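Remember, it's 1-based here, ligands and their atoms both numbered in the order they're listed. Note that this is a predicted model, so its numbers are computed, not measured.
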Amino acid sequence: MCGIVGYVGNKEIIPILLEGLHSLEYRGYDSSGIAIHDGKVLSVLKSVGKLSKLEEILKNDAGSVNGKNGKNEHVYCGIGHTRWATHGEPSDINAHPHFDSDEKIAVVHNGIIRNYQEVKDKLVKSGIKFLTQTDTEVIVQLIAKYLKENNSVLSTICKTVSDLEGSYALAILFKEKPDKIYAVRKESPLVIGLGEKENYLASDSPTLSRFVDKIVRLGDNEIAEVTKEKVEFFNTKGEKINKTVQKVIKSKDFLDKRGFKHYLEKEINEQSEVISNLLNEFLPSSDSKVKFDHLKLKPEFLKNIDRILILACGTAYHSGLIAKYVFENLTSIPTEVQFASEYLNIKPLLSEKSLVIGISQSGETADTLTAIKRAVSCGATLVGITNRADSALADLSKERLLISKAGLEVSVAATKTFTAQITMLYLLAIYISEILGSTERNNLKPLKQELRLIPRLVDQTLTRAEYYQEQVLKYANKRDFVFIGRGINYPIALEAALKLKELSYIHASGYASGEMKHGPIAVLDPNVPVVSIIVPGETYDRVFQNSLEAKSRSAPMIAVTVDGDKKAESIFDTVLHVPPVTEVMSPFLTVIPMQFLAYYIAEHLGRDVDQPRNLAKSVTVE
Ligand code: AGP
């Protein structure tokens, strides 16, 4: 987490750094700060809280850090940071950039230094005083110590990083080098943007796409020396290296809310268009086969898969749980879904016949990347599903299914990328099933017809937003929520609980409905609504029975079911209807009233809907 930006050139620097930080705020918003060299003075300005706080401070007093030193043709040089706190509480003092004790070096950092305490102890013994609780201060103090010893910036950086364990993307300013930014990374992203007589750096390429057409991705253990005229690259032995220049993928203006109050509301409402775009590309008609022509998976491999392992976190994990039902039903291949963070402690029982599916909207989630590396080290084949073509997951996966057509998701809570992921997973299950081609599985046409109808049904569901709002706000002041479902809608119960928690801060749990009687039913009382995802089909009667059990414990009862479900209407206090749909396709629809429930309750409670407290969009630390 944390976002880094940097600029060297002749343009006014503060608007550039702020624009970059706005685009990176999804990576953390506990504090922000900038460091600027004006040719003589190296200054830092930082503040706890959202970027808007820093902007306010700058509006009132930009004089000290505007980078102007009175010359006409002046080179502006500066770095900025937006923080998601790991070491040390969010505060002014712990905000980046960090100075060394002599205020001659300023550093911004994304990542975690695992051995920081050990390094800090040594530095403290040598007389260095620390001001902050961050692991980053260790880096800047270490740089200062080594610079005094050897006087060369490049070898100082090489020596410093050789002492560090963990992950880092660093941008560094030196008082003695007024027009240079140094950057180095390991396991945290950093991209250099190449302009005309100006150069940039940032934690992601969409941010750079606002300023430049060409980028260079810094690799692990690589250093960049960025000046206005050129960028030079080195390895951590200090040797010069060549890097490939890439064209940046220009993203649409993702910071446009298109008239919606929040990005979240906009992104929920984009879901039918997103699914439709994906289907038009990969399943243009129910008569066609799934067009994953870019996948190089050999039919012999697909026919002999011994097991499928899906690795993901959070909402992406929930899309994996839905996929398990679809894969096992269509292909009969045993499919397991693991939290990526848990997989780090599990013996990987995989072989060259196994298929690993890694799902991550950001493609940068550290837990997911580490788990995937562990899984593929057994010889398994990886298919990565992400909507960031420029991400670490995309780089790692030779076989990838991109959902970039979903467009960037700005709101921290995932909505449209969830439905985009499940669209791709349904398509992948159909694709494998078509290759397996057994008679029993051959009749995929009805399923493809249903899938092709989903965008229209999602659209119809979205038009019911106002009705959902009116119904769910009756429950906005409840203490806890319990969501229940079975089979393919159990993951929707989990997703609904996650969405409500992260957006509204109300405690919520998702349960397989049959599990309620094994303990969780004890929490029910009139202050704890139960939301049953109850769609006609195989699981209906059992979820209904479990809902009656909850109702007998005085819980207010809400159902998500299809239009015309009179049985549900007779026992539930509130019914959130979706258009009629088969059970297998129902998650595409049942998730929508759940996203609205979380959104409207959070908005009613005055929460920061797009940037909930304590969260970040990309979780790049384990
Ligand atoms: C979703 O609303 C969450 N913010 C979070 O659980 C997220 O899904 C998880 O961190 C995984 O992110 P990824 O898809 O980028 O890997």
Polar atom proximity, Q421 to ligand 1 (N or O, under 3.5 Å): no
Are any of the N or O atoms of S360 closer than 3.5 Å to those of ligand 1?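 Between S360 and ligand 1 (N or O atoms, distance only) the closest approach is under 3.5 Å.
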Could you go through the side chain to side chain donor-acceptor pair (under 3.5 Å) check for T417 and E409 one step at a time? CA-CA 7 Å; T417 53; E409 195 172 57; 2.8 Å; yes
So which protein heavy atom does [atom] come closest to, and at what separation?
atom: atom 14 (O) of ligand 1; value: Q361 N, 2.8 Å
atom: atom 6 (O) of ligand 1; value: G314 CA, 3.2 Å
atom: atom 10 (O) of ligand 1; value: V619 CG2, 3.9 Å
atom: atom 15 (O) of ligand 1; value: S362 OG, 2.6 Å
atom: atom 9 (C) of ligand 1; value: C313 O, 3.7 Å

Side chains of [X] and [Y] in contact at under 4.5 Å (non-hydrogen atoms):
X: P587; Y: N489; answer: yes
X: I79; Y: I4; answer: no
X: P206; Y: R388; answer: yes

Pair K405 + E281, salt bridge at N-O below 4.0 Å: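 Salt bridge: yes.
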Should E270 and K416 count as an ion pair when the cut-off is N to O under 4.0 Å? yes
Within a distance under 4.0 Å of any heavy atom of [X], pick out the atoms of ligand 1 and give their elements.
X: T365; answer: 12 (O), 13 (P), 15 (O), 16 (O)
X: A414; answer: 1 (C), 2 (O)
X: V412; answer: 4 (N)
X: K499; answer: 1 (C), 2 (O)

Structural part of E502 in contact with ligand 1, heavy atom criterion under 4.0 angstrom: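 For E502, only side-chain atoms sit under 4.0 Å from ligand 1.
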Counting distance only, does the side-chain N/O of R27 pair as donor-acceptor with the main-chain N or O of A616 below 3.5 Å?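 No, the answer is negative, given that no donor and acceptor are paired below the 3.5 Å cut-off.
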Option whose closest heavy atom lies nearest to atom 8 (O) of ligand 1, chosen from L615, T315, T368, I385: T315
Which word best sums up how the rings of H81 and H96 line up, parallel for under 30°, tilted for 30 to 60°, or perpendicular for over 60°?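 Judged by the thresholds at 30° and 60°, the geometry between H81 and H96 is parallel.
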Mind checking whether Y431 and F292 have parallel, tilted or perpendicular rings, split at 30° and 60°? tilted
